[in-house]
Structures are given as structure tokens and as C-alpha cells.
Amino acid sequence: MLDLEKYGVTMWEKDKILSFRQKLLAWYDENKRDLPWRRSKNPYHIWVSEIMLQQTRVDTVIPYYERFLDWFPTVESLANAPEERLLKAWEGLGYYSRVRNMQTAAQQIMSEFEGKFPSTYEGISSLKGIGPYTAGAISSIAFNLPQPAVDGNVMRVLARLFEVNHDIGNPSNRKLFQAMMEVLIDPDRPGDFNQALMDLGSDIEAPVNPRPEESPVKEFSAAYQHGTMDCYPIKAPKKKPIPIFLKALVVQNSQGQFLLEKNESEKLLAGFWHFPLIEVDEFSDQTQDLDLFSQVAEPILELGPSPQESFEQDYDLEVDWQDLRFEEVKHIFSHRKWHIQIIAGRVTETQEYADREVLWLSPEEFINYPLAKPQQKIWQAYLKRSC
DNA sequence: AATACGTGGCC
DNA sequence: TGGCCAAGTAT
């Protein structure tokens, strides 16, 4: 067992712990939110909700949750779902490896657990995409096992209760909060205890504009008692997303279909369809002019092939590039900020062969394919200029 | 241990 | 607007 004192945390006496549990659960019984997944004890439902809720707001999740269970009502249906359908179910939610990992886990359940959701912490933890938080949440909520579920809410609430002087953003400090929860958790109602702390942390003890005087456990809170609520939790600022500059090629053929390409990378937006993208060092009005009028301009410097030229080579196409300017599309990921310039054109000649997975799609067909946000923004910006 | 991985809402 | 934040996990 981790020594809390070494982290400067003094745990409460047994009586205070019992009294805290009572106070918190009484508050939860009166104030818990009525959420779709709280009406079910089906571990599959709990699992879906917990994965969706990772780094994602409740209001965002609710419609996705309902539709997901409609499309994939059982573990088996999820295990057998085609990739396009899987990504379409998650389109717009973000962190798409979540749903890929879920399918892998569903296949694990079919092959290693005879199609029945594992009912032990060990078994649950063995599933792809389930880390310590989610394993604790499913164990406690669906199986009534006394396992802590330490998420950002719980760490924030605990940091204020005990004036924890450790960065909650540092993953290595999670074990401290885990150890505290192992002592605090109510073994009779572990699922409710975990959820009560999360509910408290997401509203009354929110990271911004908290209302600490409304907390049912303010008498237990060292930070509240000492007037140091503003100091907790400790959290280092995040790094700024790195700017990336891209040209998006929006190219249509004589039948009004547009060229889309599948992202075969296993990293950012894996498996999604997108307009062909070419990364450039940066934008400048000068390079933009050279791009648009490369036929007539006489560049002073020897530049490499233009994005248009590279594109025509890579995709075996000949394109009549249009002299149109579009609004720059911006999209911020957690770690990158994309700046996208749109270049439009019409193909004059196409080859059968292309060394990529590409598709010519009419706009009406777009909805049948998973398209992430940046591509939707590109399409909107393209339409705006074309109208 | 530090970084990659989405998106939308709020101020 | 830019920065912060949200029921984390994999590598």
C-alpha cells in the first residue's frame, strides 16, 4: 500500500470516513442526475457509456449513446460491425481509437469470455481500451465491486478535500488518488460512491466557477476550511497545439463527383475519408500567387513542384485548376492546429490506377462515409465560395 | 515519463 | 480570440 504521508496527505480517522460516506451518498440519493446509462445495470451499456464519457461531456455523449446501442445492441453485434459503420457511429465524438479498441475488446469478449462480459476486475482490465479508471467504473457500477474509479473529477475533489500538493495532470500522481480512494470508498455502495464524487466534481466542484459553499461535504474539505479552494487542484498548463499548414485539393470530375481518399494511417483520424491533403511549410501570399499562376509567373527562386503538380502525379490525374480563393479552414486538435487552404479544380483526364484507396463521391453520398470535422469544414467552406 | 489522440463549450 | 476544460488510454 502506498504511503499517503510521503505525499503529505494525512488520511482521516475511521469515524470521519464513515461520516463522509454517509453525507456524500445522502446528497447523491437526492441529487443524482437521471442519465440514460444509469437506468441500466447491463455491463455492456455501462461500458459503452464509460468509453464515450472519456474526455467528453455528458451532453455530447447522450445522443451518441442512444444511437450506438441502437446500431450495436449486443457485444456480438459490435464485434462483427464493419469498420465504416463503427467510425460512422463515433463520427464527431473524437478520440476514435476508443471505438476501434471497443471492437477489439468485443472480439476479446466473444473469444476469451464466451460472449459474456467479464465480471472480475482482472477480466475487465484485460480488455483493450479499458484502463484503471474505466475498469474501476465498470467493476463498481455494473458488478458492485469495491474498486475506485479515479477520473479528473475525483482527483479535483480529493485535491481540495485534502489540499493535495501534487499535479493532477501528471499521470504518475494518479496512484496517490487511487490509494486515497481505496480507503475512502464505501464498500457497500462502491458504484454510487464513485459516481457521487464524479457528479459533485462535474457541477458544484467544477474546475471553473465552482460553488464550494453548496458542497454537501464542505465541512470535510481542508481547502474550504482554510480558504485555499482557489489553490486546488494543482495542474500544470497545457502545451499549445503546433501549427500545421495544409492544402486541401477539392477536385471534381465531369459527373460532379469529388475525389475522396481513405486515411490509411493508424494515427490521426485513422480510417476516415478526406479530401486529399498536402502539407506545406507555411502559407504566404507569394507562394499562393505562384501556385495559382504558376504558368505565367517566373519564380525567382527554384521552388519544388507545387502542391497541384505533386497531386496530379501522385493520383494520376490531369486537373484544370480554378482560380478561386476560399476562406482558410482552421481546426484545432488537442496537439495540432491545422491551417488549411482549399484549392479547387476539375479533372480533365483520369487514369484507372491510383496507388491509394480513393473514391469519387457525389455530395449526397458523403453522409454514407465517415468524415471527420476538418473535412466537413472544408466542404462547407468550398460550398460557401461556390454559391 | 511524456506525448499522441478530437471536439465543442465557455469566458 | 485564445486558452482552458471534459467520466483516459496506449505507447
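Treat the numbers as computed from the prediction; the structure is a model and nothing was measured. Just so we're on the same page: letters track the sequence lines, and every chain starts at 1. Every heavy atom of this structure was used, including side-chain atoms; hydrogens, water molecules and symmetry mates were not.
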* **Euclidean distance for P, C/dT9 against B/dG8 (whole angstrom)** => 23 Å

Taking side chain to side chain contact (heavy atoms under 4.5 Å, CB included) as the test, write out the residues that go with [X], two or more places apart.
X      : value
A/E318 : A/E312, A/T348, A/E349
A/A248 : A/L277, A/I340, A/I378
A/R38  : A/Y28, A/K32, A/R33, A/L35, A/Q195, A/D199
A/E328 : A/F283, A/K330, A/H339

Find the distance [X]:[atom1] to [N]:[atom2] and express it as a whole number of Å.
X      : N      : atom1 : atom2 : value
A/I51  : C/dT9  : CD1   : C1'   : 9 Å
A/Q54  : B/dG6  : CD    : C1'   : 13 Å
A/L200 : C/dA6  : CG    : C1'   : 16 Å
A/N194 : C/dG8  : CG    : P     : 13 Å
A/K337 : C/dC4  : NZ    : C1'   : 14 Å
A/M155 : C/dA6  : CE    : P     : 10 Å
A/M102 : C/dA10 : CE    : C1'   : 16 Å
A/Q103 : C/dT9  : CD    : P     : 20 Å

* May I ask you to check whether A/W321 and A/F311 place their ring centers less than 6.0 Å from one another? =>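 Yes - the distance between ring centres of A/W321 and A/F311 falls below the 6.0 Å cut-off.
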
* Between A/F258 and A/W360, is the ring centre distance below 6.0 Å? -> no

* Map A/N209 and A/A270 onto DNA chain B by nearest heavy atom, then report which one ends up closer to the 5' terminus. => A/A270

* Taking ILVMFWY side chains as joined if any heavy atoms are under 4.5 angstrom apart, and letting links pass through other members, which residues group with A/M229? -> A/Y224

* Parallel, tilted or perpendicular: rings of A/F162 and A/W12 (30°, 60°) -> parallel

* Any residue of residues 120-132 of chain A with a heavy atom less than 4.0 Å from an atom of DNA chain C ->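 Close to the strand are A/K128, A/G129, A/I130, A/G131, A/P132.
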
* Structure fact -> Note: contacts of residues 23-48 of chain A with DNA chain C (heavy atom, under 4.0 Å) are A/R33, A/L35, A/W37, A/R38

* To do: Determine, for A/D203 against A/R211, whether the closest basic-nitrogen to carboxylate-oxygen distance falls under 4.0 angstrom.
  => yes

* **Pairing of A/R174 and A/D151 as salt bridge, 4.0 angstrom limit** =>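 Salt bridge: no.
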
N/O contacts under 3.5 Å, protein versus nucleotides 2-4 of chain B?
{"unit_1": "B/dT3", "atom_1": "OP1", "unit_2": "A/K239", "atom_2": "NZ", "d": "3.0"}
{"unit_1": "B/dT3", "atom_1": "OP2", "unit_2": "A/K239", "atom_2": "NZ", "d": "2.6"}

* Asked: So, the side chain of A/R98 versus the backbone of A/G94: is there a donor-acceptor pair under 3.5 Å, distance only?
  ->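 At least one qualifying donor-acceptor pair exists.
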
Strictly under 3.5 Å: I want the nitrogen or oxygen pairs between protein and nucleotides 7-9 of chain B, one per line.
{"unit_1": "B/dT7", "atom_1": "OP1", "unit_2": "A/Y96", "atom_2": "OH", "d": "2.7"}
{"unit_1": "B/dT7", "atom_1": "OP1", "unit_2": "A/K373", "atom_2": "N", "d": "3.2"}
{"unit_1": "B/dT7", "atom_1": "OP2", "unit_2": "A/H331", "atom_2": "NE2", "d": "2.9"}
{"unit_1": "B/dG8", "atom_1": "OP1", "unit_2": "A/K373", "atom_2": "NZ", "d": "3.2"}
{"unit_1": "B/dG8", "atom_1": "N2", "unit_2": "A/R57", "atom_2": "NE", "d": "3.3"}
{"unit_1": "B/dG8", "atom_1": "N2", "unit_2": "A/R57", "atom_2": "NH2", "d": "3.1"}

Which part of the nucleic acid, if any, lies within contact of [X], taking any heavy atom under 4.0 Å across all strands shown: a base, the sugar-phosphate backbone alone, or nothing?
X      : value
A/V61  : nothing
A/T134 : sugar-phosphate
A/K330 : nothing

* Structure fact -> side chain to side chain donor-acceptor pair (under 3.5 Å) filter on A/K262, not counting sequence neighbours, yields A/E83

* Could you list the residues that satisfy side chain to side chain donor-acceptor pair (under 3.5 Å) with A/E365, not counting sequence neighbours? => A/S362

* Asked: Between A/Y95, A/F72, A/F68, which is the residue that forms a ring pair (Phe, Tyr, Trp, His ring centres under 6.0 Å) with A/W90?
  -> A/F68

Could you give the side-chain donor-acceptor pairs of residues 119-126 of chain A under 3.5 Å, partners two or more places apart or in another chain?
{"unit_1": "A/T120", "atom_1": "OG1", "unit_2": "A/G123", "atom_2": "N", "d": "3.0"}
{"unit_1": "A/S125", "atom_1": "OG", "unit_2": "A/Y121", "atom_2": "O", "d": "3.0"}
{"unit_1": "A/S126", "atom_1": "OG", "unit_2": "A/G123", "atom_2": "O", "d": "2.6"}

* Ignoring backbone atoms, test whether A/R156 places a side-chain nitrogen or oxygen under 4.0 Å from the OP1 or OP2 oxygen of C/dA6. => yes

* When the nearest nucleotide of DNA chain C is assigned to A/A135 and to A/P237 on a heavy-atom basis, which residue is associated with the more 5' position? ->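 Its nearest nucleotide being more 5', the pick is A/P237.
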
